[in-house]
Amino acid sequence: DGFRVYVCYSPSGLPVSAQMFLHSPGSRAVGWVCGTDVEHGHSGAMQLLLWSVIEDLHAAGARGFDFAGANIASVAAAKRDWGGQLVPYHSLQADYNLRTLAKWLYAWLRYTRTRRQRRRGAGAASFIHR
C-alpha cells in the first residue's frame, strides 16, 4: 500500500506515461520516479495521469504531494501550473575531493549561465502540492 504505480496507456494499448509514488495515509505522498514517452510529450497524457494520481492519493488519505525533481525549467513550469510552490532542495555528499569540487563548480557555472540567459531560471527545485 505504501508504493503506488500509475500508468497512462495510448489508445493502441501502449504505456506512454508512468508515475511511481511512496505513500502512507495521513502524510505527504512523494513522487519517486516518473516518465513520459517523447512522442506523447505534448499529448496531455502526463497531465491526465497527474490528475488521476492527485485524485487517487487524496482519496487514499494523502495530505499533500511532493512531485520532486523540478530542476529542469520546462519541468518546473509544468509542475508550477498545478498550483503548488517550487521549493529549493540541496544534497549532501560525504566525501569531498578535487573531483567533487570540479563537478560542483561546473554545475554552478552552468546554472548561473543558464539563469542569465533566461528571464526565469527555475534552478533545482522540488514541487510540493498542498
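Values below: every heavy atom of this structure, side chains too, minus hydrogens, waters and symmetry copies.
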Kindly work out whether a path of hydrophobic side-chain contacts (I/L/V/M/F/W/Y, heavy atoms less than 4.5 Å apart) joins L101 to Y106.
no
Exercise answer: donor-acceptor pairs, residues 30-41 side-chain atoms, under 3.5 Å, sequence neighbours excluded:
| unit_1 | atom_1 | unit_2 | atom_2 | d |
| --- | --- | --- | --- | --- |
| T36 | OG1 | S17 | OG | 2.9 |
| D37 | OD1 | E39 | N | 2.9 |

Side chain to side chain donor-acceptor pair (under 3.5 Å) involving S10 - partner list, sequence neighbours excluded:
S12
Apply the test side chain to side chain contact (heavy atoms under 4.5 Å, CB included) to residues R63 and R28: give CA-CA distance (whole Å), side-chain angles for both, the deciding distance (0.1 Å), then the verdict.
CA-CA 5 Å; R63 289 187 11 214; R28 177 175 289 142; 5.8 Å; no
Hphob cluster co-occupancy, V16 + V7, side-chain heavy atoms under 4.5 angstrom
no
If I compare all heavy atoms of A62 with all of A29, which pair ends up nearest, and what's the gap?
CB-CB, 4.2 Å
Counting only N and O atoms by type, is there a donor-acceptor contact under 3.5 Å from the side chain of H58 to the main-chain atoms of G64?
no
Check whether any side-chain heavy atom of D56 sits under 4.5 Å from a side-chain heavy atom of R4, and report yes or no.
yes
Value rounded to 0.5 Å, distance of CG in L57 from OG in S52
10.5 Å
Residues 44-51, side-chain donor-acceptor partners within the protein, below 3.5 Å, at least two apart:
| unit_1 | atom_1 | unit_2 | atom_2 | d |
| --- | --- | --- | --- | --- |
| W51 | NE1 | E55 | OE2 | 3.0 |

Counting only heavy atoms not in L98 (residues, nucleotides, ligands), do more than 12 fall under 6.0 Å from its CG?
no
For F65 against I54, the heavy-atom pair lying closest together
CZ-O, 3.5 Å
